[in-house]
Amino acid sequence: MSLTIYGIAASRAVRPLWAAHELGLDFKHIELDYQGGGARAPEFLAINPNGHVPALVDARPEGDVVVWESMACALYIARHHGVADGRSITPATPREDAEALRWSFWAMTETEADALTVLMHLFVMPPERRKPELAAAAERRLATPFRVIENHLAQQARAGQPFLAAARFTVADLCVASVLNWARPAKALMDANPLTHDWLRRCMARPAYLAVRENG
């Protein structure tokens, strides 16, 4: 078993875990809970000195490869543990690879902070700690990037490709859906972007994702 993934599913570690499940990989999962101080333990800091999950270690013949950052981990797994056969989540063409890269970076820079604010203040936090005004402001800011992805999905649909990079689900969809799913409690935002909402539902209903959520 060459691949070890650190982190719990209720964290950004869901991204590499989801990618590994999509590819049917045999891997070791160390359920390191970022809230329990485990990410600050010396043995984990030797892997990721930032003290954050996820991280992965890929034991290869030429030596161990260490990857931090959730999007990087998912993209690495798809590229180096998948097969570019046009059927799996692995990009099979330069265009698919470019779409995976650009949409993953887009999700982090344009949507992640606000999507997390929506999730925390509309769903996760105890009601007495929620600040609806923060969620509302985040939802307003998300309107612009959601129009961007809504327009892209419309273009993809006209081309007969119901996913971000291709006619099939790829790592591009995995990375972006794992972020935008946090904004689903914002009903008005979902209603205003029906293609994006439908795409999100399809992504989050995938057996590999459900398996990750069920098994941790």
Side-chain angles (χ1 to χ4, degrees), residues 3 5 7-29 31 53-54 56 67 69-93 95-97 99-108 111-112 115-116 118-119 123-124 146 149-150 152-157 159-187 189-190 193-216:
L3 188 65
I5 300 173
I8 59 172
S11 74
R12 290 174 175 86
V14 69
R15 296 161 189 167
L17 291 170
W18 187 359
H21 275 270
E22 287 283 353
L23 292 170
L25 301 181
D26 185 18
F27 66 97
K28 183 178 182 180
H29 179 202
E31 296 185 48
V53 295
L56 67 80
V67 187
E69 301 300 327
S70 59
M71 296 293 192
C73 291
L75 292 165
Y76 175 89
I77 289 171
R79 179 174 291 183
H80 295 286
H81 286 268
V83 178
D85 56 5
R87 295 191 297 271
S88 77
I89 66 168
T90 301
T93 66
R95 176 186 176 271
E96 291 181 10
D97 195 32
E99 296 288 356
L101 291 170
R102 74 166 180 162
W103 284 108
S104 297
F105 280 89
W106 172 87
M108 289 187 294
T111 71
E112 188 172 51
L116 184 57
V118 168
L119 178 69
F123 185 72
V124 173
F146 264 71
I149 194 168
E150 183 79 2
H152 177 73
L153 287 168
Q155 292 173 357
Q156 287 290 94
Q161 298 189 345
F163 291 98
L164 286 181
R168 72 189 192 285
F169 179 89
T170 71
V171 70
D173 303 283
L174 184 157
C175 287
V176 179
S178 71
V179 176
L180 297 195
N181 188 53
W182 293 347
R184 284 177 74 185
K187 186 178 185 302
L189 188 65
M190 296 298 113
N193 298 279
L195 293 177
T196 303
H197 194 195
D198 176 69
W199 164 81
L200 270 173
R201 283 194 295 254
R202 287 185 281 118
C203 291
M204 311 323 286
R206 291 184 65 81
Y209 176 75
L210 298 176
V212 172
R213 299 299 299 180
E214 180 180 346
N215 298 323

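Predicted, not measured: the structure shown is a model, and the values here were computed from it.
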Legend entry - Taking every non-hydrogen atom, the tightest pair across V53 and S11: CG2-OG, 4.0 Å

Inset, instruction - To the nearest 0.5 Å, tell me how far E214 CD sits from Y209 OH. - result: 12.5 Å

Inset, instruction - Identify the heavy atoms of A166 and Q156 that sit nearest to each other, and give their distance. - result: N-NE2, 3.7 Å

Legend entry - Flag, side chain of R202 to backbone of H197, donor-acceptor distance under 3.5 Å: no

Inset, instruction - Please report the C-alpha distance between S70 and R12 in whole Å, then the side-chain angles of each, then the deciding distance to 0.1 Å, and finally whether the side chain to side chain donor-acceptor pair (under 3.5 Å) criterion is met. - result: CA-CA 6 Å; S70 59; R12 290 174 175 86; 5.1 Å; no

Inset, instruction - Look up atom NE2 in H81 and atom CG in L3, then write down how far apart they are to the nearest 0.5 Å. - result: 4.5 Å

Legend entry - Pair R168-D173, salt bridge (Lys or Arg N to Asp or Glu O under 4.0 Å): steps then yes or no: CA-CA 9 Å; R168 72 189 192 285; D173 303 283; over 6 Å; no

Legend entry - E112/R15 salt bridge by N-O under 4.0 Å criterion: yes

Legend entry - Closest heavy-atom pair and its distance - L195, E150: N-OE2, 3.0 Å

Inset, instruction - Give, for atom CG of L75 and atom OG of S104, the distance between the pair rounded to the nearest 0.5 Å. - result: 4.5 Å

Legend entry - side-chain contact (heavy atoms from CB on, under 4.5 Å) evaluation trace for E99 with L164: CA-CA 7 Å; E99 296 288 356; L164 286 181; 6.0 Å; no

Legend entry - Spatial distance of atom CG (L56) from atom CD1 (I77) [nearest 0.5 Å]: 5.5 Å

Inset, instruction - Any chance you could lay out the side-chain contact (heavy atoms from CB on, under 4.5 Å) test for L210 and R206, step after step, and finish with the verdict? - result: CA-CA 6 Å; L210 298 176; R206 291 184 65 81; over 6 Å; no

Legend entry - Residue pair H29 / N215, side-chain heavy-atom distance below 4.5 Å: no

Inset, instruction - Under the side-chain contact (heavy atoms from CB on, under 4.5 Å) rule, what do C73 and I5 come out as? Steps first, then yes or no, please. - result: CA-CA 9 Å; C73 291; I5 300 173; over 6 Å; no

Inset, instruction - Could you tell me whether the side chain of M190 reaches within less than 4.5 Å of the side chain of L200, counting heavy atoms only? - result: yes

Legend entry - Beyond-backbone contact of I89 with W18, side-chain heavy atoms, under 4.5 angstrom: no

Legend entry - Atom pair OG1/CD of T170 and E22 - distance to nearest 0.5 Å: 10.0 Å

Inset, instruction - Without swapping roles, check the side chain of D97 against the backbone of A100 for a donor-acceptor pair under 3.5 Å. - result: no

Inset, instruction - Any chance you could measure N181, atom CG, to R201, atom CZ, to the nearest 0.5 Å? - result: 11.5 Å

Inset, instruction - Please list, chain by chain and in numerical order, all residues satisfying salt bridge (Lys or Arg N to Asp or Glu O under 4.0 Å) with R184, sequence neighbours excluded. - result: none

Legend entry - Aromatic centroids of H21 and F27 separated by under 6.0 Å: yes

Inset, instruction - For M71 and F105, run side-chain contact (heavy atoms from CB on, under 4.5 Å): C-alpha distance rounded to whole Å, both residues' side-chain angles, the deciding distance at 0.1 Å, then the answer. - result: CA-CA 8 Å; M71 296 293 192; F105 280 89; over 6 Å; no

Inset, instruction - Locate the shortest heavy-atom distance separating V118 from W182; write the atom from each residue and the value. - result: CG1-O, 4.1 Å

Legend entry - Taking every non-hydrogen atom, the tightest pair across T90 and A78: OG1-O, 2.6 Å

Inset, instruction - Please report the closest heavy-atom contact between L180 and I149, naming both atoms and the distance. - result: CD1-CD1, 3.7 Å

Inset, instruction - For the pair W103 and H152, name the ring-plane relationship: parallel under 30°, tilted 30 to 60°, perpendicular over 60°. - result: tilted

Inset, instruction - Could you check whether the rings of F163 and F169 sit parallel, tilted or perpendicular, using 30° and 60° as the cut-offs? - result: perpendicular

